Amino acid sequence: MDTRLTELLPAALGFKNGDVKIIKNVGGVVTYPFGTVMRSLVVAVYGLGVENILVVGHYDCGMQVLNCKDMLEKMKSRGIPEERIELLKSAGVDLETWLTGFTDVTQSVRENVEFIKNHPLMPKDVKVFGFVMDPVTGKVDPVK
């Protein structure tokens, strides 16, 4: 989601326009097994022939400071009523998970790689790799 990576990431990885399908989201995090990120990946694999998936996080990521309580307070200050927030909770939305970031970008990438690899609809022949990028220099570090 970070706009610093819009041109930097493809260039750092040597991709040209049309070489890859890019799915951008906050933190590069897959939160739900049947949410839009996994749906996009499943469609990419089965509908577009994708054989390799790269999960790319970046240093200095805003998700490292994301805090559910702070986000909810900001929502309320912008006019979202408490009743609406409670309605989401009563409908089963786990806001604590949905609105909480991570502390270690490398560990987050590692966990998301495993999440994708082990998804029940992801075929075992699809390779999933993790990387963390420096948004200033463009250096890309593989995640083991």
Side-chain angles (χ1 to χ4, degrees), residues 1-13 15 17-50 52-124 126-144:
M1 190 169 115
D2 192 318
T3 56
R4 294 176 294 177
L5 308 183
T6 301
E7 293 180 14
L8 189 61
L9 178 62
L13 296 175
F15 296 131
N17 192 27
D19 287 349
V20 297
K21 312 325 181 206
I22 299 176
I23 301 166
K24 294 177 74 169
N25 72 328
V26 65
V29 174
V30 184
T31 309
Y32 296 109
F34 301 104
T36 59
V37 174
M38 278 309 306
R39 179 181 68 180
S40 296
L41 292 173
V42 167
V43 168
V45 168
Y46 293 105
L48 303 173
V50 166
N52 298 295
I53 295 172
L54 311 180
V55 177
V56 183
H58 64 88
Y59 300 109
D60 189 32
C61 181
M63 282 292 285
Q64 291 178 272
V65 295
L66 186 66
N67 175 285
C68 180
K69 183 179 175 189
D70 292 344
M71 289 293 287
L72 293 174
E73 289 304 316
K74 288 177 182 178
M75 288 177 194
K76 292 174 194 174
S77 75
R78 303 263 316 256
I80 303 300
E82 179 70 36
E83 298 80 33
R84 195 171 303 159
I85 293 168
E86 289 304 317
L87 180 64
L88 289 171
K89 290 178 182 177
S90 67
V93 177
D94 180 358
L95 292 176
E96 188 66 36
T97 299
W98 195 58
L99 292 174
T100 299
F102 49 79
T103 56
D104 182 333
V105 66
T106 301
Q107 182 60 28
S108 178
V109 167
R110 189 177 293 118
E111 290 169 2
N112 283 283
V113 165
E114 289 305 311
F115 188 95
I116 295 166
K117 280 183 179 179
N118 294 312
H119 190 275
L121 299 179
M122 190 58 57
K124 298 303 177 200
V126 170
K127 294 173 181 62
V128 186
F129 304 94
F131 299 92
V132 180
M133 178 178 207
D134 183 319
V136 176
T137 67
K139 182 176 184 285
V140 178
D141 298 318
V143 174
K144 302 288 181 196

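On a predicted model such as this, the values are computed, not experimentally measured, just so you know. For reference, positions follow the sequence shown, starting with 1.
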Can you list the steps and then say if His58 with Arg4 is a side chain to side chain contact (heavy atoms under 4.5 Å, CB included)? CA-CA 10 Å; His58 64 88; Arg4 294 176 294 177; 3.5 Å; yes
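- A distance of 8.5 Å separates NZ in Lys89 from CD in Glu96, rounded to the nearest 0.5 Å.
- Side chains of Thr36 and Asn25 form no contact here, defined as non-hydrogen atoms less than 4.5 Å apart.
- Heavy atoms only, all atoms of each residue included: Gln107 and Arg110 are closest at OE1-NH1, 2.6 Å.
- Side-chain contact between Thr6 and Lys24 is present, with at least one heavy-atom pair separated by less than 4.5 Å.
- Residues Val126 and Lys117 form no side-chain contact, since every pair of their non-hydrogen atoms from C-beta on lies 4.5 Å or further apart.
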Would Glu111 and Glu114 count as a side chain to side chain contact (heavy atoms under 4.5 Å, CB included) if you check the C-alpha gap in whole Å, the side-chain angles of each, and the deciding distance to 0.1 Å? CA-CA 5 Å; Glu111 290 169 2; Glu114 289 305 311; 5.9 Å; no
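- At distances below 3.5 Å, not a single donor-acceptor pair connects side-chain atoms of Ser108 with backbone N or O atoms of Val105.
- What you find for Thr100 and Met63 is that their closest heavy atoms are O-CE, 4.0 Å.
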Test log, rule side chain to side chain contact (heavy atoms under 4.5 Å, CB included), inputs Val45 and Leu121: CA-CA 10 Å; Val45 168; Leu121 299 179; over 6 Å; no
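- Among all heavy-atom pairs drawn from Phe131 and Pro142, the shortest one is CD2-CA, 3.6 Å.
- The line from CD1 of Ile80 to CD1 of Ile85 is 7.0 Å long, rounded to the nearest 0.5 Å.
- Annotation for Lys124: atom NZ counts as buried by contact number, over 12 foreign heavy atoms lying within 6.0 Å.
- For Cys61 against Gly27, the heavy-atom pair with the smallest separation is SG-CA, 4.1 Å.
- Taking all atoms of both residues into account, the shortest heavy-atom contact from Gly130 to Val109 is CA-CG1, 3.6 Å.
- Between atom CG of residue Asp60 and atom CG of residue Asp134 there is a gap of 9.0 Å, rounded to the nearest 0.5 Å.
- Side chains of Ile23 and Leu41 form a contact here, defined as non-hydrogen atoms less than 4.5 Å apart.
- The structure places OG1 of Thr31 at 9.0 Å from CH2 of Trp98, a figure rounded to the nearest 0.5 Å.
- Residues satisfying the salt bridge (charged side-chain N to carboxylate O under 4.0 Å, His left out) test with Asp70, not counting sequence neighbours, are none.
- Counting only heavy atoms from C-beta outward, the side chains of Val113 and Val143 never approach each other to under 4.5 Å.
- Taking every heavy atom of both residues into account, Phe115 and Met38 meet most closely at CE2-CG, 4.0 Å.
- Summarising the local packing, CE of Met122 is surrounded by more than 12 heavy atoms from other residues, nucleotides or ligands at distances under 6.0 Å.
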Check the pair Lys21 / Val43 against side chain to side chain contact (heavy atoms under 4.5 Å, CB included), numbers first and verdict last. CA-CA 11 Å; Lys21 312 325 181 206; Val43 168; over 6 Å; no
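- Atom-to-atom distance recorded for Lys144:NZ and Phe129:CZ is 10.5 Å, nearest 0.5 angstrom.
- Counting heavy atoms from C-beta on, the side chains of Met133 and Tyr59 never come closer than 4.5 Å.
- Residues that satisfy the salt bridge (charged side-chain N to carboxylate O under 4.0 Å, His left out) test with Glu7, not counting sequence neighbours, are absent from this structure.
- The CZ atom of Phe102 lies 8.5 Å from the CG atom of Asn112; values are rounded to the nearest 0.5 Å.
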